[in-house]
Amino acid sequence: MFIEKGMSIAQNLEAIRRQLPAGVRLVAVSKTHPVEALMQAYDAGQRVFGENKVQEMRQKQQAMPADVEWHMIGHLQTNKVRQVVPFVVAIHSVDSQRLLETINAEAQKCGRVVDCLLQLHIAQESTKFGFTDAELRDMLATGVLAQLQYVRVVGLMGMASLTDNREQILAEFQHLRSMFDELRHTHFAGAEHFCELSMGMSHDFPIAVEAGSTMVRVGSLIFGQRDYGQR
Ligand SMILES: *Cc1c(COP(=O)(O)O)cnc(C)c1O
């Protein structure tokens with residue numbers, strides 16, 4: 001998959017939306033890109049944006065229209081939670097009980113309930129964050145969620161291995177899906193809000209959709225390659 005030369009952000013968005021079935025939401029991952037680029041996406045109707053750095057998301061939130069939905073998708077340090085909880089709509093990258101508890105405490109202070117997704121480690125690389133299956137089951141089994149009234153766990157998130165091996169990526173997404181289905185029938189039985197499966201990025205979102213994704217997080221296919229050198 002690639003972006004044709006001369007394609008605008010609006011055209012990129014349109015091309016991606018055409019590939020998404022009804023019910024799959026597009027999170028436009030705008031990290032490293034300037035507000036002008038986000039505004040082009042906004043003007044093309046995009047309202048859901050994903051960022052992975054607290055400071056950057058706050059700055060963009062202040063510069064962008066108020067009806068943007070901000071999703072935190074990157075690893076979040078507990079000491080930075082306070083800065084995003086007042087406005088963030090969802091946190092996709094909850095990877096520890098301590099982080100969940102911190103979000104809960106800060107959300108209580110703001111009088112908000114923050115939607116969270118629990119990040120599962122599904123890739124072969126050891127560098128990616130996330131719970132293992134066993135850690136996730138163990139945490140839920142303690143019943144801790146019942147104590148955390150200011151977070152609402154709405155689903156799971158995962159990142160597949162960075163590989164061209166389609167079968168491997170599909171298997172990893174299917175694993176996340178099966179964990180999601182398991183929890184829907186056990187810990188979250190009857191909880192209709194537990195309905196989100198955040199998986200799929202620029203290079204693998206069609207595979208993620210095939211495996212049952214409800215939210216794809218797409219960056220470079222919309223905004224072009226990121227230039228980390230300019231930060
Ligand atoms: C950067 C990022 C994405 C988007 O990556 P692209 O390959 O540019 O689509 C998605 N999810 C997470 C967690 C990211 O950090």
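Index from 1, following the sequence. As a basis for the values below, the full set of heavy atoms in this structure was taken, side chains included, without hydrogen atoms, waters or symmetry mates. For clarity, every value in this text was computed on a predicted model and none was experimentally measured. Ligands are counted one by one from 1 in listed order, and the atoms in each one are counted from 1 as well.
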message: Please evaluate residues Gln168 and Gln124 with respect to the criterion side-chain hydrogen bond (donor to acceptor under 3.5 Å, both in side chains), reporting the C-alpha separation (whole Å), side-chain torsions for both, the decisive distance (0.1 Å), and the verdict.
response: CA-CA 10 Å; Gln168 184 184 341; Gln124 276 177 357; 3.0 Å; yes
field: Flag side-chain contact, heavy atom, 4.5 Å: Phe173 against Asp204
entry: yes
- prompt: Of all the atoms in ligand 1, which lie at a distance below 4.0 Å from a heavy atom belonging to Val218?
  reply: 9 (O)
statement: of all protein heavy atoms, closest to atom 9 (O) of ligand 1 is Ser202 OG, 2.5 Å
task: Among all protein heavy atoms, pick out the one at the shortest distance from atom 11 (N) of ligand 1; state its residue, atom name and that distance to 0.1 Å.
output: Arg217 NE, 2.9 Å
query: Is it true that Lys31 and Glu56 make a salt bridge, defined as a side-chain N closer than 4.0 Å to a carboxylate O?
result: no
- prompt: On the ring face of Phe194, is Arg184 found with NZ or CZ under 6.0 Å from the centre and within 45° of the axis?
  reply: no
message: Counting non-hydrogen protein atoms only, what is the nearest one to atom 5 (O) of ligand 1? Give residue, atom name and distance.
response: Met201 CE, 3.4 Å
- prompt: In terms of atom number and element, which parts of ligand 1 are under 4.0 angstrom from non-hydrogen atoms of Gly219?
  reply: 4 (C), 6 (P), 8 (O), 9 (O)
query: So, does Arg226 sit close enough to ligand 1 that a heavy atom of it is under 4.0 Å from the ligand?
result: yes
message: Does either side chain, that of Gln40 or that of Ser8, offer a donor lying less than 3.5 Å from an acceptor on the other one?
response: no
query: Distance only, no hydrogens: is a donor on one side chain within 3.5 Å (strictly under) of an acceptor on the other, for Asp133 and His175?
result: yes
- prompt: Per the side-chain hydrogen bond (donor to acceptor under 3.5 Å, both in side chains) rule, which among Gln119, His75, His121 passes with Asp95?
  reply: His75
message: Quick check: His203 and ligand 1, any N/O pair under 3.5 Å apart?
response: no
message: Heavy-atom contact check, 4.0 Å cutoff: does Leu221 meet ligand 1?
response: no
message: Quick test: of every protein heavy atom, which one is nearest to atom 13 (C) of ligand 1, and how far off is it to 0.1 Å?
response: Ile73 O, 3.4 Å
Nearest-contact summary for atom 2 (C) of ligand 1 - protein heavy atom, Å: Lys31 NZ, 2.5 Å
